[in-house]
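Scroll down for the structure; my scribbles are underneath it.
Reckoned from all heavy atoms, side chains included, excluding hydrogens, waters and symmetry mates. In this text, all values refer to a predicted model and were calculated from it rather than measured experimentally. Below, chain A is the first sequence line, B the second, and so on; all start at residue 1.
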Protein chains: 4
Amino acid sequence: MALDTRERVRRAAVKLFAAKGFHGTGIRDLAQESKLSTASLYHYMGSKEELLADIMRDCLRTLLDSATAEVTGVPDPVERLRKLVKLHVRAHARKPRETRIVDHEIHVLTPAARRSVVALRDAYESLWADAVADGVACGAFTTAHPGVTRIALLEMCNGVARWYSPRGSLPLDELAAHYADVALRALGACPQGSAERQSKGE
Amino acid sequence: MALDTRERVRRAAVKLFAAKGFHGTGIRDLAQESKLSTASLYHYMGSKEELLADIMRDCLRTLLDSATAEVTGVPDPVERLRKLVKLHVRAHARKPRETRIVDHEIHVLTPAARRSVVALRDAYESLWADAVADGVACGAFTTAHPGVTRIALLEMCNGVARWYSPRGSLPLDELAAHYADVALRALGACPQGSAERQSKGE
Amino acid sequence: MALDTRERVRRAAVKLFAAKGFHGTGIRDLAQESKLSTASLYHYMGSKEELLADIMRDCLRTLLDSATAEVTGVPDPVERLRKLVKLHVRAHARKPRETRIVDHEIHVLTPAARRSVVALRDAYESLWADAVADGVACGAFTTAHPGVTRIALLEMCNGVARWYSPRGSLPLDELAAHYADVALRALGACPQGSAERQSKGE
Amino acid sequence: MALDTRERVRRAAVKLFAAKGFHGTGIRDLAQESKLSTASLYHYMGSKEELLADIMRDCLRTLLDSATAEVTGVPDPVERLRKLVKLHVRAHARKPRETRIVDHEIHVLTPAARRSVVALRDAYESLWADAVADGVACGAFTTAHPGVTRIALLEMCNGVARWYSPRGSLPLDELAAHYADVALRALGACPQGSAERQSKGE
DNA sequence: TATGAATGAGGGTTCATTCAT
DNA sequence: CATGAATGAACCCTCATTCAT
């Protein structure tokens, strides 16, 4: 039925856009991967670019919504940042292709589509910015350049999508916790009894 | 003379590949940006893909050579890593387009070309790996997962190429020093008298 | 009921074929204008081309039938031609889109369909030819080249479909009468007491 | 050399657009008729539509220029109109395909291109309008509806492009003269010693 | 050195039509 | 009666590349 097919197209696009890039993926590649003719493809998408924009927006909206849910009502900025980092790492490890597409293909979007995507990304990043700012304000974080550090950490976490494999030795939850520790260290939060030290058995 | 023209082509390619991606850049774009006809372009390059591979290899070779020079004969792993991070950040801030191309377009390359590029990248990254391993071995670094941390830090530093602007408020040297501090904190090196604390006036 | 829908499809086709041409009109356009799905369209027409041929034949048959009725039993060739011109002008003014389609899209038709359309057109034009020939034979028309004049007048009258608007200042009956006068002048019939002179107040 | 090829493409387009319509002519048809590949076609034209617009503009400009030259400095409106009709008929008989394209395919053009074509057509038609108006003003023409008559005559003359064949019995010059006589009769100009009567031997 | 001309292959998209439901 | 789904063929146009001059 229609929904399944639409989903098949979506997945084909995610796979190929992530592997070969948007411009490196032809409509015929998408059709083959979706097991559809090129003409049929157009029953399930507006255009190649709209398909891309949809993928990006869905990915970012999911991330934004779950991050907002995770963080709402958490007063401690340290705890908030820890949650954000963990969620971010998990999301990027579980959906590496979607997130890589978001990271790499923004430049192909039409200005209008780009605006909508960037708006979502900015909304998400502001959750990080708030946590960092609050932590600095209350003295929990001691970093000379909070803005730079925030973006550095974001890039670090984005990187997970580029290398993580579920076949690695480190369970995902531990990986996420490790990233959170690295982030808090980077921000100069005194790690009292963090998972990091625990995992070292101290 | 020929060399100048060749350089013009190279720079056009760097500009366009970074801005629109390899597949998003046509030879007509390259010709226009180089102020050459498309046919003339082929006096100065083998093919579009060879041009890309050349750019990538040159970028990586330069990075590898200068990193090797910087690090050779430095016994202290902390100091070595600090130098590596600073160099990396500076290189990515100064040549953001080349380094972004290296990061984003590897999937485009033919297996043969990809191998040569990946070999250079691996050689470079092994300098980081050695420093981290030495630091862990001598107890200077206290991180539960050195391998993961190393790759996390590399991704963090690569990110500089995606956002750094010389018009930012932070001088590049300070930025590089800040990144080095973040990296050492992340690795759990006790930062004694680091630039970070100095810049906070302590 | 089905008949209404069929008529809706017909009218959509007339509108669009006249405005954008047969090849410029897609079945999706037809479906949209008919408020039907493209698939449903095929319940009311054989194919796009058959729809076109039907429109043409209906238009020509109506013209032929009413002209035949108008002219039968009128012995005076001058009067006959006057009636033919008036009818022709009125028909083209009232159904400009159908007649434009007949004029412009014959080349689209398959040979078989074209033959049936051309046969109707020829039958109609022979009414004109007979009137002109009779008029020349009895001395009522004094034109050096009756055949050429006939076709020239036909083209002139066809043109009405290309510019007439009911919002123009001249009532349609007067317009038709004027065309009849022009035609008779062109044929060299001494206009005695024609509408033309009357309208000039003489 | 380039000029020849460009001209070959032009002629192929004129032939095919006239025979099958703009939308009925594919780029592959043009290529085949031009003995070029579809890709090579684009060395000699901007796009299919630009090719069409160029053909239309050239046709109209030629007509406008020669009509202007013909008519300038001719004070007698009767003589002016005779010259205009003759020129128009000759032009449409000699370039029937170009003029049919102008007449039939204007609706295809983009608004911008259409404006430029319509402007030329209007400039040309104003030569006719001036002659008619002058003739009416000085009493040389006695028609109840000069505007309508003018457009009727134009359509009549345009029709030449739809049926004239050089293999017909009437020499082109005589045909043109005949049309001029028909036109002047239609306008109610007393034909004194016109070609029409001469050809009848009176 | 430089480029106009040329092209086979492929780009994304729409075509008119059919058919199972 | 009506339509979503499906498609092979074709749409216009651009691709990276070669070669004669």
Side-chain angles (χ1 to χ4, degrees), chain A residues 1-6 9 22-31 34-52, chain B residues 1-2 4-6 22-31 34-52, chain C residues 1-2 4-6 22-31 34-52, chain D residues 1-6 9 22-31 34-52:
Chain A
M1 50 220 67
L3 223 151
D4 285 18
T5 306
R6 200 176 297 270
V9 170
F22 177 78
H23 284 311
T25 302
I27 225 71
R28 285 157 184 83
D29 299 325
L30 281 175
S34 312
K35 285 168 191 155
L36 245 42
S37 67
T38 58
S40 296
L41 220 48
Y42 283 84
H43 281 278
Y44 301 99
M45 61 180 219
S47 70
K48 203 183 141 197
E49 203 212 321
E50 285 179 43
L51 181 57
L52 172 66
Chain B
M1 54 217 68
D4 282 18
T5 306
R6 197 175 299 269
F22 177 79
H23 283 311
T25 303
I27 35 142
R28 281 157 188 79
D29 300 323
L30 284 174
S34 313
K35 284 166 191 157
L36 245 46
S37 67
T38 59
S40 298
L41 220 49
Y42 283 83
H43 285 277
Y44 301 98
M45 62 180 217
S47 71
K48 205 182 138 195
E49 202 210 322
E50 287 178 44
L51 180 57
L52 172 66
Chain C
M1 53 215 69
D4 282 19
T5 306
R6 198 177 298 270
F22 177 79
H23 283 310
T25 302
I27 35 145
R28 281 157 188 78
D29 300 323
L30 284 174
S34 312
K35 284 165 190 156
L36 246 46
S37 67
T38 58
S40 298
L41 220 50
Y42 283 83
H43 285 278
Y44 302 98
M45 62 179 218
S47 72
K48 205 181 138 195
E49 203 210 322
E50 287 178 43
L51 180 57
L52 173 67
Chain D
M1 50 219 64
L3 222 151
D4 283 18
T5 306
R6 200 175 298 268
V9 171
F22 177 79
H23 284 311
T25 303
I27 226 71
R28 284 158 186 80
D29 300 324
L30 282 174
S34 311
K35 284 165 192 158
L36 246 42
S37 67
T38 58
S40 297
L41 220 47
Y42 284 83
H43 281 277
Y44 301 100
M45 60 181 219
S47 70
K48 204 182 139 196
E49 203 212 319
E50 284 179 44
L51 181 57
L52 173 66

TODO: Ignoring the backbone of A39(A), work out which of dT13(E), dC15(E), dA16(E) is nearest its side chain.
DONE: dC15(E)

Open item on the list: Rounded to whole Å, how long is the line connecting atom CG of L52(A) with atom C1' of dG12(E)?
Closed with: 14 Å

- [ ] Find the distance between CE (M45(A)) and CG (L30(A)) and round it off to the nearest 0.5 Å.
- [x] 6.5 Å

Open item on the list: Whole angstroms only, please: what is the NZ-C1' distance between K48(B) and dT17(F)?
Closed with: 12 Å

TODO: Could you pick out which residue, T25(A) or T25(C), lies toward the 5' side of DNA chain E when each is mapped onto its nearest nucleotide?
DONE: T25(A)

Task: For dT14(E), the Watson-Crick or wobble partner whose two distances fall under 3.5 Å - done: dA9(F)

TODO: Could you check how far CE of M45(D) sits from C1' of dA5(E), rounded to whole Å?
DONE: 16 Å

- [ ] Report the distance from atom CG of L36(A) to atom OH of Y42(A), rounding to the nearest 0.5 Å.
- [x] 12.0 Å

Task: N/O (side chain, S37(A)) to phosphate O (OP1/OP2, dA6(F)) under 4.0 Å - done: no

Open item on the list: To the nearest 0.5 Å, what is the distance between OG1 on T38(C) and CD1 on I27(C)?
Closed with: 5.0 Å

Open item on the list: My understanding is that a pair needs two contacts under 3.5 Å, Watson-Crick or G-U wobble. By that rule, which nucleotide pairs with dA20(E)?
Closed with: dT3(F)

- [ ] Take atom CZ of R6(B) and atom C1' of dT1(E), then tell me their distance rounded to the nearest Å.
- [x] 12 Å

- [ ] Find the distance E49(D):CD to dC12(F):C1' and express it as a whole number of Å.
- [x] 12 Å

TODO: Describe the nucleic acid contact of T38(A) in one word from base, sugar-phosphate, nothing, applying a heavy-atom distance below 4.0 Å.
DONE: base

- [ ] Can you measure from CG (L41(B)) to CZ (R28(B)) and round to the nearest 0.5 angstrom?
- [x] 11.0 Å

TODO: Using atom OH of Y44(C) as one end and atom P of dT17(E) as the other, report the distance to the nearest whole Å.
DONE: 18 Å

Task: Pairwise 5' ranking along DNA chain F for S47(D) and H43(A), keeping only the more 5' one - done: H43(A)

Task: Between dT17(E) (C1') and L36(C) (CG): distance, integer Å - done: 15 Å

Open item on the list: So, taking the atom named CZ in F22(D) and the one named CD in E49(D), what distance separates them when rounded to the nearest 0.5 Å?
Closed with: 6.0 Å

Task: Whichever of L41(A) and G26(D) has its nearest DNA chain F nucleotide further upstream toward 5' - done: L41(A)

Open item on the list: Closest approach to the side chain of Y42(C), judged atom by atom: which nucleotide of dA9(F), dT17(E), dT17(F) is it?
Closed with: dT17(E)

Open item on the list: Between S40(A) and dA5(F), is there a contact of a side-chain N or O with OP1 or OP2 at under 4.0 Å?
Closed with: no

Open item on the list: Check the phosphate of dG10(E) against R28(A), side-chain N and O only, distance under 4.0 Å to OP1 or OP2. Yes or no?
Closed with: no

Task: Spacing of I27(C) atom CD1 relative to dA16(E) atom C1', expressed in whole Å - done: 5 Å

